[in-house]
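Remarks on the structure that follows.
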Amino acid sequence: MNRKIRMGMIGGGQGSFIGAVHRIAANLDGQIELVCGCFSSNPENSRVTGESLFLPPERVYSSWQEMLEKEAQLPEGVRMDFVSIVTPNHVHFAPAMMALEKGFHVVLDKPMTFSLEEAKQLAAKVKETGKLFLLTHTYTGYPMVKEARHRVLNGDLGKIRRIYVEYPQGWLYNDCAATNKQAAWRVDPKRSGKAGCMGDIGTHAFNLAEYITGLKATEICGELQTFVPDRLLDDDGAALIRYEGGARGVLMASQIAVGCENSLKIRVFGEKGGLEWRQEEPNTLILRWPDRPAEIVRTNNGYVSGISAYNSRVPAGHPEGYLEAFANLYRNFATALRAVLEGKEPAPEALDFPSAEEGVRGMRFIETIVSTNDTEEKWVKLVD
């Protein structure tokens with residue numbers, strides 16, 4: 001198949017942060033081209049955005065329903081291959097379901113849906129259609145996160161005992177929703193869902209812990225807080241987590257941690273050793289041992305694992321960051337999709353991206369930690 005993979009986009013118009021990030025990430029490897037879009041619920045915003053991206057006017061749509069209907073009617077050699085949905089949470093489920101029904105593969109921003117029930121339905125539709133589905137948990141794309149997972153699953157740390165994961169931000173420390181479009185929908189339960197901070201970044205921390213360790217959470221003892229007056233959703237929270245196999249975890253997420261930017265950090269300790277990784281210093285993985293000095297493992301050196309090297313892009317010592325990690329998700333998805341379109345089985349490394357299962361687990365985490373505020377039970381099992 002001697003062509004680029006064709007992408008459509010729903011959301012990501014002018015004023016959007018994450019839409020531009022998706023487009024940069026999709027474009028980084030030269031495997032994907034943007035061919036159409038409905039970039040906003042405001043038709044004028046969609047039109048202007050499409051014009052700025054040099055798309056033909058007939059491929060810039062006024063609604064996502066129109067886009068999916070008309071794209072499905074185009075000849076196979078013209079229409080998009082997949083759609084990337086980068087809207088607020090309440091506009092995830094319906095366009096994703098319709099896209100799958102129309103025969104398109106789907107990339108979807110996290111959290112997966114507005115509710116757990118929607119997530120279950122969407123996962124069932126993914127299974128029914130057999131289409132590829134990427135959930136953009138960005139941090140799983142970092143080479144040193146891949147290395148950390150490899151070290152754990154390889155048994156280097158021994159049986160996992162303790163997981164600490166935290167994600168403090170400070171950008172919502174005050175009531176900025178009236179002047180900040182990105183803040184406005186995140187603190188609105190009609191658009192964000194049951195959770196604010198925990199839905200936005202707590203899900204990233206939860207996903208990262210499960211991805212690196214390969215362990216699934218089974219029970220949560222949590223607490224959510226809303227510190228900013230009159231805010232309707234949580235802006236801070238913490239949880240004790242029990243994992244399968246006996247491991248124990250502590251998760252913290254906050255958007256009122258004044259002065260913090262995107263300070264995602266994870267530490268994992270096993271019977272034989274430990275590891276530490278920070279998103280703000282992503283090229284470094286620290287390994288800790290009881291009988292020798294700590295090791296500093298750096299991206300794309302000759303000693304890293306094959307899966308880490310596969311997801312590295314530049315020689316050791318050159319910074320690789322958020323956009324490259326995001327691009328790894330799109331690159332892997334595009335490689336897998338190219339194989340599918342050619343009637344081949346995708347390689348295992350190409351399928352290394354979060355999918356519907358991770359999406360459902362994220363929604364279970366949200367539903368469970370929110371429910372801990374409404375019950376006197378100390379420990380709550382992850383809801384079905």
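FYI, the numbering just counts along the sequence from 1.
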Geometric class of the [Y]/[X] ring pair [parallel <30°, tilted 30-60°, perpendicular >60°]:
| X | Y | answer |
| --- | --- | --- |
| His22 | Tyr330 | perpendicular |
| Phe326 | Tyr322 | perpendicular |
| Phe333 | Phe353 | perpendicular |

message: Which residues end up grouped with Val187 if you chain together Ile, Leu, Val, Met, Phe, Trp and Tyr wherever their side-chain heavy atoms are less than 4.5 Å apart?
response: Trp171, Leu172
Pairing donors with acceptors under 3.5 angstrom, does anything connect the side chains of [X] and [Y]?
| X | Y | answer |
| --- | --- | --- |
| Asn311 | Tyr142 | no |
| Glu349 | Asn332 | no |
| Glu147 | Ser305 | yes |

message: Quick check on Asp230: does its CG atom have over 12 non-hydrogen neighbours (other residues, nucleotides or ligands) under 6.0 Å away?
response: no
query: For Asn2, does the CG atom sit with more than 12 other heavy atoms under 6.0 Å from it, leaving out its own atoms?
result: no
query: ring pair (Phe, Tyr, Trp, His ring centres under 6.0 Å) with His92: which residues, sequence neighbours excluded?
result: none
- prompt: Does NZ or CZ of Arg331 come closer than 6.0 Å to the centre of the six-membered ring of Tyr310, within 45° of the ring's axis?
  reply: yes
field: Tyr164 six-ring face occupied by Arg267 cation (under 6.0 Å, within 45°)
entry: yes
message: Between Arg3 and Asp81, does the salt bridge (charged side-chain N to carboxylate O under 4.0 Å, His left out) criterion hold? Intermediate values first, please.
response: CA-CA 12 Å; Arg3 66 168 176 85; Asp81 296 305; 2.9 Å; yes
message: Strictly by salt bridge (Lys or Arg N to Asp or Glu O under 4.0 Å), give each pair with a member in residues 302-312 just once, sequence neighbours left out.
response: none
- prompt: Pick from Arg364, Arg149, Arg361: which one makes a salt bridge (Lys or Arg N to Asp or Glu O under 4.0 Å) with Glu210?
  reply: Arg361
